[in-house]
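Each chain gets a letter, A, B and so on, in the order the sequences are listed, and its residues count up from 1. The structure displayed is predicted, hence computed values, not measured ones. These numbers come from the heavy atoms of this one structure, side chains and all, not from hydrogens, waters or symmetry mates.
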Amino acid sequence: MLDPKLLRENFSATRTALARRSAEAAAAVDPLQELDARRRALQTQVDNLKNQRNVVSKEVGHLKSKGQDATEKIASMKAVGEQIAALDQQLRELEAELEQKALFVPNTPHSSVPDGADAAANREVRRWGEALKYDFKPKPHWELGPQLKILDFERAAKISGSGFVCHWGLGARLQRALIQFMLDLHSRKHGYTEVSPPFVVLEKAMVGTGQLPKFREDMYALKDDPQFLIPTAEVPLTNLFREEILKLADLPVKMCGYTPCFRREAGSAGKDTRGMIRVHQFDKVELVKIVEQEKSYDELEALVRDAEAVLQALELHYRVVLLCAGDMGFCAAKCYDIEVWCPGVGGYLEVSSCSNFETFQARRMNLRYKDAEGKTRICHTLNGSGTALARLTIALLETHQQADGKVSIPAALRPYLGGLEFLSNS
RNA sequence: GGUGAGGUGGCUGAGUGGUCGAAAGCGGCGGUUUGCUAAACCGUUGUACUGGUUAACUCCGGUACCGAGGGUUCGAAUCCCUCCCUCACCGCCA
């Protein structure tokens, strides 16, 4: 959510910034200006009436305590009371409308974010490693997985429908190893506190991190309860501190956590459907930071490096891409994607998305801190995948495959697999 | 799921339908005393919205907030209803 005061004072600048995303984004703020003006006028009116009522009611109290008659004042206030009730009702409706509209306005892009309407305008900022050359045609994971008997798409579909995978045998163990490897890396080397949160959250948590109300159709809602399956650990981890005022000494809050992620992918049917590039449920280790405003952009750079460390340790070639204004997610002010090379698929796949949301999420969840002067300010929140498992597994299998059909395991991961050096189907 | 007890400011904890935004204590902040620390004493102390004012939440006002939402009343922390949460016990259960 954007700062209402800032929006009021810098309306045209904000609108221009939003227009860098899309015309639709810019149009979303238009109704806010007029609604806000009406809201304030109405509130002033109601406040004045309430003041009148408070003053007279106190006089009634004084009169009664002295045993004097107050029936006239009481009668006149009855009418005022009815007026207040009616206007209060209008005010509540107006506020609800205003909030509803405000929740649909995306974040303004940071000045360092390049212009552009879509992925074509994204800017590659660096690469690590290079695409390996193979003296055979590298297979895609949807062939490798079943051959090695570690991925089972058909049986998964039998129990859950399309868009699900079952990890079998060493595949299941590989998932567990990767999760543990990443959690160890981030908690021991990068200073994040490991958190294992609930996988089911209330609607207000989903509103807090910006999944709702706009992206409802992408979420799995529980039928008989008011909760949702989490689409990412970002939701529970960031909301953990909602409605709190943190002390400066407690910042930065750095959390890492493993959760499964549940996504309906309602809008992307038919895209990237092959194998497990896009599935309804995948595992992910997420990194979340809650920081002071002045430090959030430095923390973003560090966050990206922390996520990159995973891929480097697993000897996977990747590139870091700075997203342009039109390609960024709803909440982000600035976002880097990390894309890993997958020789079987024949392209780069996004395994991490690292964003600074500035105050956008924190304002929605009323997450604040006391700064050095003791002033209460809205926190900046950040998160990044560290990293997403389904695609990481794809990259791992496809990159480290050999002509004989085996997949070599990078040295960093072997301790987590009992020293195993290869995946093979024997 | 059932029964009972509770939910009050950063924390502990009072609170009679009308000088209650709320006693008191702790903590925090400022000051005095002191070689330093400590102690003592004095003062101060929330959040949001909003009108005016300003270089500035700078100053002066207003409104709201005692778990949440309704209701009764001229007036609700206080009375009534619904819901949520916490704790205890019972039931069920990995």
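Here, G46(B) and A39(B) have their P atoms 24 Å apart, quoted to the whole Å. Taking the C1' atom of each, C87(B) and G43(B) are spaced 40 Å apart, rounded to whole Å. Across C66(B) and G7(B), the matching C1' atoms stand 10 Å from one another, rounded to whole Å. Nucleotides C42(B) and A24(B), compared at atom P, are 13 Å apart to the nearest Å. Comparing the P positions of U8(B) and C79(B) gives an interatomic distance of 16 Å, to the nearest angstrom. The P atoms of U72(B) and A76(B) are separated by 11 Å, rounded to the nearest whole Å. Between C81(B) and C89(B), the two P atoms lie 28 Å apart (nearest whole Å). Straight-line distance between the P atoms of U12(B) and G27(B): roughly 15 Å, to the nearest whole Å.
Relative ring orientation between Tyr192(A) and His190(A) is described as perpendicular, the plane-to-plane angle rising above 60° on a 0-90° scale split at 30° and 60°. By the 30° and 60° cut-offs, the orientation of the rings of Phe164(A) relative to His280(A) is tilted.
Atom CZ of Arg242(A) is separated from atom P of U47(B) by 20 Å (rounded to the nearest Å). One can place CD1 of Ile245(A) at 13 Å from P of G9(B), the figure rounded to the nearest angstrom. Whole-Å rounding puts the Glu99(A) CD to C49(B) P distance at 13 Å. Atom P of nucleotide U63(B) and atom CD of Gln83(A) are separated by 16 Å, given to the nearest angstrom. In this structure, Lys50(A) atom NZ and G75(B) atom P are separated by 12 Å, rounded to whole Å. Rounded to an integer number of Å, the gap from CD1 of Ile378(A) to C1' of A48(B) is 11 Å. Across the protein-nucleic acid pair, Asp36(A) atom CG and U50(B) atom C1' stand 11 Å apart, rounded to whole Å. Rounded to whole angstrom, the span from the CG atom of Asp371(A) across to the P atom of G28(B) amounts to 19 Å.
Looking at Asp30(A) and Arg15(A), a side-chain N of the basic residue comes within less than 4.0 Å of a carboxylate O on the acidic one, giving a salt bridge. Using a 4.0 Å cut-off between charged side-chain N and carboxylate O, Arg305(A) and Glu301(A) make no salt bridge. Classification of Arg216(A) and Glu203(A) as a salt-bridged pair holds, one side-chain N sitting under 4.0 Å from a carboxylate O. A salt bridge does not link Glu97(A) with Arg39(A): none of the charged nitrogens is closer than 4.0 Å to a carboxylate oxygen.
When all heavy atoms of Met276(A) and Ala390(A) are compared, the pair lying nearest together is CE-O, 3.4 Å. Contact record, Cys354(A) with Ala307(A): SG-CB, 4.3 Å, taken as the closest heavy-atom pair.
In this structure, of G18(B), U50(B), U19(B), it is G18(B) that holds the atom nearest to the side chain of Lys64(A). For Arg39(A), the side-chain atoms get nearest to U50(B) when compared with the rest of U50(B), U47(B), C74(B).
Within the 4.0 angstrom heavy-atom criterion, no nucleotide atom of any strand lies near Val56(A). Residue contacts for Arg8(A): at a heavy-atom cut-off of 4.0 Å it reaches the sugar-phosphate backbone alone, with no base atom in range. Contact annotation for Lys375(A): no contact, since no heavy-atom pair falls under 4.0 Å across all strands. Lys5(A) comes within contact range of the sugar-phosphate backbone alone, with a heavy-atom separation under 4.0 Å but no base atom that close. Across all strands shown, Thr376(A) has heavy atoms under 4.0 Å from sugar-phosphate atoms exclusively, and none from any base.
Remark: Arg368(A) is in phosphate contact with A48(B), judged by side-chain N or O atoms under 4.0 Å from OP1 or OP2. Taking 4.0 angstrom as the limit, Lys73(A) places none of its side-chain polar atoms (N or O) nearer than this to OP1 or OP2 of G18(B). Contact annotation: Asn54(A) does not reach the phosphate of G62(B) (side-chain N/O to OP1 or OP2, under 4.0 Å). Taking side-chain N and O atoms only, Arg92(A) has a distance below 4.0 Å to OP1 or OP2 of G70(B). Between Thr44(A) and the phosphate of G62(B), there is no side-chain N or O to OP1/OP2 separation shorter than 4.0 Å. Considering only side-chain N and O atoms, Arg40(A) lies nowhere under 4.0 angstrom from the phosphate OP1 or OP2 of C49(B). Between U19(B) and Lys58(A), no contact under 4.0 Å exists linking OP1 or OP2 to a side-chain N or O.
Leu389(A) places a side-chain heavy atom less than 4.5 Å from the side chain of Ile179(A). For the pair Leu396(A) and Leu178(A), the minimum side-chain heavy-atom distance is below 4.5 Å.
Remark on RNA chain B: of its neighbouring residues Glu95(A) and Gly81(A), the 5'-side contact belongs to Glu95(A), judged by nearest-heavy-atom nucleotide. Judged by closest nucleotide on RNA chain B, Gly61(A) is the one of Gly61(A) and Pro4(A) placed further toward the 5' end.
Checked by distance alone, Asn51(A) brings no side-chain donor or acceptor within 3.5 Å of a matching partner on the base of G62(B).
Helical stems in RNA chain B, defined as runs of 3 or more consecutive Watson-Crick or G-U wobble pairs with donor-acceptor distances under 3.5 Å: B:1-7 with B:84-90, B:10-12 with B:24-26, B:27-32 with B:40-45, B:46-52 with B:59-65, B:67-71 with B:79-83.
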